[in-house]
Amino acid sequence: KEKNQTQFCETFGLKQGLPIVGFIGRLAYQKGAELIPKAIEKVLKKDSRVNFVILGTGDKEIEKQLMAIDGAYDGRVKVMITYSESIARNIYASCDFLLMPSRYEPCGLNQLFAMRYGTIPIVRTTGGLKDTVIDIGDKGGGITFYDANSNELAYAIMRGLELYAQPKWFEKVRKENGSKDFSWK
């Protein structure tokens with residue numbers, strides 16, 4: 001994970017040695033993508049010791065809002081308006097957290113991929129996300145929040161950063177997530 005993060009930060013111009021929070025997906029209302037720019041701004045105004053990376057395409061207004069913060073905050077935000085399976089895999093492998101602020105999500109696969117890669121999901125409790133991601137406060141492997149708004153998302157990210165600041169607990173959650181089996185077995 002550390003080697004992936006170093007290479008990822010070099011490739012995409014992010015600050016080394018900071019936690020990385022990512023998003024991979026359609027930039028759409030269903031996915032809660034319009035909440036992300038304001039949540040990033042709120043988090044970075046409180047704590048500048050974090051990187052953000054966004055990968056996706058979709059609603060042109062959301063794309064515009066995200067591109068307005070690309071490279072902002074001393075290079076701590078990287079936005080890529082594209083679809084790329086290889087970059088997505090690099091994000092899973094390199095990020096510490098993956099955002100999924102969906103308004104509704106019948107199943108959701110990104111949270112499962114993230115956990116397998118040792119990336120902790122930050123999800124809105126809905127549908128399949130609620131079924132597969134249990135909050136760390138309940139001895140689970142993710143960060144959950146209820147209301148689809150940027151304040152709640154920002155607070156969830158800050159909770160993730162508090163977890164990151166406790167290396168033993170963070171590593172325990174990461175390892176447990178990597179060994180979870182969501183197969184039919």
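In this chain, numbering begins with 1 at the start of the sequence shown. Just so you know, these numbers come straight off a predicted model, no measurement behind them.
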Cation-aromatic face contact Arg76/Phe52, 6.0 Å, 45 degrees: no
Decide whether Tyr104 and Ile122 are clustered together by the hydrophobic rule: side chain heavy atoms of Ile, Leu, Val, Met, Phe, Trp, Tyr closer than 4.5 Å, transitively. no
Could you state whether Leu99 and Leu163 fall into the same hydrophobic cluster, counting links through intermediate Ile, Leu, Val, Met, Phe, Trp or Tyr residues with side-chain heavy atoms under 4.5 angstrom apart? yes
Looking at side-chain heavy atoms only, is the closest gap between Tyr146 and Arg124 below 4.5 Å? no
Qualifying ring pair (Phe, Tyr, Trp, His ring centres under 6.0 Å) pairs with a residue from residues 165-185, counting only residues at least two apart or across chains: Phe97-Phe170, Tyr164-Phe170
Report, one line per pair, each donor and acceptor closer than 3.5 Å where one atom sits in a side chain of residues 78-85; sequence neighbours left out.
{"unit_1": "Tyr83", "atom_1": "OH", "unit_2": "Glu85", "atom_2": "OE1", "d": "2.9"}
{"unit_1": "Ser84", "atom_1": "OG", "unit_2": "Ser86", "atom_2": "OG", "d": "3.3"}
{"unit_1": "Ser84", "atom_1": "OG", "unit_2": "Ile87", "atom_2": "N", "d": "3.2"}
{"unit_1": "Glu85", "atom_1": "OE2", "unit_2": "Arg89", "atom_2": "NH2", "d": "3.4"}

Distance-only donor-acceptor pairs under 3.5 Å for side chains of residues 111-119, two or more places apart:
{"unit_1": "Gln111", "atom_1": "OE1", "unit_2": "Leu109", "atom_2": "N", "d": "3.4"}
{"unit_1": "Gln111", "atom_1": "NE2", "unit_2": "Cys107", "atom_2": "O", "d": "3.4"}
{"unit_1": "Gln111", "atom_1": "NE2", "unit_2": "Gly108", "atom_2": "O", "d": "3.0"}
{"unit_1": "Gln111", "atom_1": "NE2", "unit_2": "Thr132", "atom_2": "OG1", "d": "2.9"}
{"unit_1": "Arg116", "atom_1": "NH1", "unit_2": "Gly178", "atom_2": "O", "d": "3.0"}
{"unit_1": "Arg116", "atom_1": "NH2", "unit_2": "Lys180", "atom_2": "O", "d": "3.1"}
{"unit_1": "Thr119", "atom_1": "OG1", "unit_2": "Lys1", "atom_2": "NZ", "d": "2.6"}
{"unit_1": "Thr119", "atom_1": "OG1", "unit_2": "Tyr92", "atom_2": "O", "d": "2.5"}
{"unit_1": "Thr119", "atom_1": "OG1", "unit_2": "Cys95", "atom_2": "O", "d": "2.9"}

The complete set of salt bridge (charged side-chain N to carboxylate O under 4.0 Å, His left out) pairs with one or both residues in residues 57-67, sequence neighbours excluded, reads Lys60-Glu63
Restricting to side chain to side chain donor-acceptor pair (under 3.5 Å), what partner residues turn up for Gln65, sequence neighbours left out? none
Under 3.5 Å donor-acceptor, Gln5 side chain and Ser94 backbone: yes
Ring pair (Phe, Tyr, Trp, His ring centres under 6.0 Å) partners of Tyr155, counting only residues at least two apart: none
Atom of Asn177, atom of Pro121 and distance for their closest heavy-atom approach: ND2-CD, 4.1 Å
Taken in chain and number order and not counting sequence neighbours, the residues that satisfy salt bridge (Lys or Arg N to Asp or Glu O under 4.0 Å) with Lys172 are Glu176
Hey, could you give me each pair passing salt bridge (charged side-chain N to carboxylate O under 4.0 Å, His left out) that has a residue in residues 44-54? Not counting sequence neighbours. Asp47-Arg49
Considering non-hydrogen atoms only, spot the tightest contact between Leu66 and Pro37 and give its length. CD2-CG, 3.6 Å
Given the rule that I, L, V, M, F, W and Y join up when any side-chain heavy atoms are under 4.5 Å apart, are Ile69 and Val53 in one cluster? no
Can you list, pair by pair, the side-chain donor-acceptor contacts under 3.5 Å of residues 147-154, counting residues two or more places apart and other chains?
{"unit_1": "Asn149", "atom_1": "OD1", "unit_2": "Asn151", "atom_2": "N", "d": "3.0"}
{"unit_1": "Asn149", "atom_1": "OD1", "unit_2": "Glu152", "atom_2": "N", "d": "2.8"}
{"unit_1": "Asn151", "atom_1": "OD1", "unit_2": "Lys42", "atom_2": "NZ", "d": "2.3"}

Quick one: does Leu35's side chain get under 4.5 Å of Arg103's, heavy atoms only? yes
According to a hydrophobic-cluster definition based on side-chain heavy atoms being under 4.5 Å apart (Ile, Leu, Val, Met, Phe, Trp, Tyr only), do Leu161 and Leu98 belong together? no
Using a 3.5 Å cut-off and no angle test, enumerate the donor-acceptor pairs between side-chain atoms of residues 133-144 and protein atoms at least two apart in sequence or in another chain.
{"unit_1": "Asp135", "atom_1": "OD1", "unit_2": "Thr144", "atom_2": "N", "d": "2.8"}
{"unit_1": "Asp135", "atom_1": "OD1", "unit_2": "Thr144", "atom_2": "OG1", "d": "3.1"}
{"unit_1": "Asp135", "atom_1": "OD1", "unit_2": "Arg159", "atom_2": "NH1", "d": "2.9"}
{"unit_1": "Asp135", "atom_1": "OD1", "unit_2": "Arg159", "atom_2": "NH2", "d": "3.4"}
{"unit_1": "Asp135", "atom_1": "OD2", "unit_2": "Gly137", "atom_2": "N", "d": "2.7"}
{"unit_1": "Asp135", "atom_1": "OD2", "unit_2": "Arg159", "atom_2": "NH2", "d": "2.7"}

Atom OH of Tyr73: over 12 foreign heavy atoms under 6.0 Å: yes
Donor-acceptor pairs are to be reported for all side-chain atoms of residues 8-28 against protein atoms at under 3.5 Å, with residues two or more places apart or in another chain.
{"unit_1": "Thr11", "atom_1": "OG1", "unit_2": "Gln7", "atom_2": "O", "d": "2.9"}
{"unit_1": "Gln16", "atom_1": "NE2", "unit_2": "Thr6", "atom_2": "O", "d": "3.1"}
{"unit_1": "Arg26", "atom_1": "NH2", "unit_2": "Gln30", "atom_2": "OE1", "d": "2.6"}

Count I, L, V, M, F, W, Y as connected when their side-chain heavy atoms are under 4.5 Å apart, and connections chain through other members. Are Leu55 and Val50 then in the same cluster? no
Which distance, rounded to the nearest 0.5 Å, do you find between the CE of Met100 and the CG of Leu129? 4.5 Å
How would you list, by chain and number, every residue that makes a salt bridge (Lys or Arg N to Asp or Glu O under 4.0 Å) with Glu171, sequence neighbours excluded? Arg174
